Protein chains: 2
Amino acid sequence: MPASLHKVSDSAIRRLSIYLRVLGGLEREGKETVSSQVLADRAGTTAAQVRKDLSLFGSFGKRGLGYLVTTLRDELRGILGVSRTWRVALVGIGRMGAALLEYPHFRARGFEFVAVYDSDPEKVGSRRGMLTVEDARVLEESLRETGVEIVVLTVPAGAAQEVADAAVRAGVRGIMNFAPVALKVPPGVRVNAVRLTVELEVLSFSLGSVADRD
Amino acid sequence: MPASLHKVSDSAIRRLSIYLRVLGGLEREGKETVSSQVLADRAGTTAAQVRKDLSLFGSFGKRGLGYLVTTLRDELRGILGVSRTWRVALVGIGRMGAALLEYPHFRARGFEFVAVYDSDPEKVGSRRGMLTVEDARVLEESLRETGVEIVVLTVPAGAAQEVADAAVRAGVRGIMNFAPVALKVPPGVRVNAVRLTVELEVLSFSLGSVADRD
DNA sequence: CCTTTCTTGTGAAGCTTTTCACAAGGCGCC
DNA sequence: GGCGCCTTGTGAAAAGCTTCACAAGAAAGG
């Protein structure tokens, strides 16, 4: 059942992305085939889960043998939509923004920063690698002109919604949001929130609300 | 049913952390009470979900009135284990590490960096804010001495497992891992992975594997 | 004091995701 | 060519999570 219109869960997609990363490693190691078991071990899940996830999109394996590393990798890239390049803009160039701009894994996976914005006059006009920081006031028009498809938001919480609105008006349909606030966007626009503090608090909880004061 | 030993799902804990953030905002706005509906709107979930999540740990509301903002906030801080300060170490001070070190929301929530490590001799000995970068070779002993409880890992994928092993030997039970690799740790140690590329690929998938080449 | 209005807490239902288990298929060796 | 071994693909069962719907409780106003 090669389902392409079946609703596929977010967690399944996350795992596919992880499999893709693992396959890259296997390829570099010169492995030609891989079993669901090995893939699962490296991805941190189970063999059954791997097979189920892949079966959502087709039958990519060979019984008795496993999956062909390169073939499966290409299939996953197609499924995830990363066999092409995405045009990404960064809004808000503080320390976090600067780190993301240089983050090597983004470009390696086909996500290319094509514009940077900030509202601080001190920063506007300065260069960051190959890009010049533009004024956030021209965000909407500039995003449209540049053909940006995805926006990475690293602005303070108070400014996030406003920027998101402008991005949506400019036709952006994907937002990766680092600001600690829930963005409201119209249907058809997808927001993916990265909540660093939440991740730490999940750890804190796990380490035991045993809560010995210090 | 105030369950403290019931197994509570990860997603529930994530939401509690978000509620905590929202409550902080409400408090700053001077609101004294809040209904599950309003809390849900601001957190990006549903009223029923809010009530269910809270009911996992007790009955904090007043029927007909809602929740007392300050009281609920204190309760959540207790549940999540953030009514105390956690001693955190950063390993790997590249751009991402530097950004996290200065990330204002961590300290504001009780996560305090008390040590920084790197293996690059150029960086060892240099200062970052109040801290001096230490040599990663002394990681294990130094973590133990400093009483570090949580490690934030921003090293290259190839070095991550090794560092994690040392941290575990030093008694660390919580790891926030930014390296694109699945860490193996013994039971009792919790790893929380932050996978930035995965987040972008989820976006890419959502924006339609419709895949118009560019 | 009684009624109205509001909102929680929660069993139960509904839905989604994961795990299980095994038939079917392919490869290689004898 | 046949046999044994290995691994996939997948229904079905199990587990887990979210939504629903409503009784019960609390406040406020008459």
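Please read all numbers here as calculations on a predicted model, not as lab measurements. Numbers restart at 1 for each chain; the letters A, B, ... are given by sequence-line order, proteins then strands.
At whole-Å resolution of the value, CZ in B:Phe57 and C1' in C:dT10 are 16 Å apart. Spacing between atom CZ of B:Phe60 and atom C1' of C:dT10 amounts to 15 Å, rounded to whole angstrom units. Separating the CD atom of B:Gln37 from the P atom of C:dG9 is a distance of 15 Å, rounded to the nearest angstrom. Rounded to an integer number of Å, the gap from CG of B:Leu39 to C1' of C:dT8 is 13 Å.
The CG atom of A:Leu203 sits 7.0 Å away from atom CE of B:Met176, with the distance rounded to the nearest 0.5 Å. To the nearest 0.5 Å, atoms CD (A:Glu201) and CG (B:Leu76) are separated by 9.5 Å. Rounding to the nearest 0.5 Å gives a distance of 9.5 Å between CZ of B:Arg107 and CD of B:Glu102. Atoms CZ and OG, from B:Arg14 and B:Ser9 in turn, are 9.5 Å apart once rounded to the nearest 0.5 Å.
Nearest heavy atom pair, residue B:Ile79 against residue B:Phe60, reads CD1-CZ, 4.1 Å.
Residue B:Ser36 has a polar side-chain atom (N or O) positioned under 4.0 Å from OP1 or OP2 of C:dT8. For the pair B:Tyr67 and C:dC6, the criterion of a side-chain N or O lying under 4.0 Å from OP1 or OP2 is not met.
Note on A:Arg190 versus A:Asp10: salt bridge recorded, some NZ/NE/NH1/NH2 to OD/OE distance being below 4.0 Å.
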(request) Determine, for nucleotides 17-22 of chain C in 5'-to-3' order, which nucleotides have protein heavy atoms under 4.0 Å from the base (write B), from only the sugar-phosphate (write S), or from neither (write -). (result) SSB-B-
(request) If a protein heavy atom is under 4.0 Å from the base, mark B; if only from the sugar-phosphate, S; if neither, -; do that for nucleotides 24-30 of chain D going 5' to 3'. (result) BBSS---
(request) Could you walk me through whether B:Glu27 and B:Arg73 pass salt bridge (charged side-chain N to carboxylate O under 4.0 Å, His left out), step by step? (result) CA-CA 9 Å; B:Glu27 200 169 44; B:Arg73 179 167 153 276; 3.2 Å; yes
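Relative ring orientation between B:Phe113 and B:Phe106 is described as tilted, the plane-to-plane angle lying within the 30° to 60° band.
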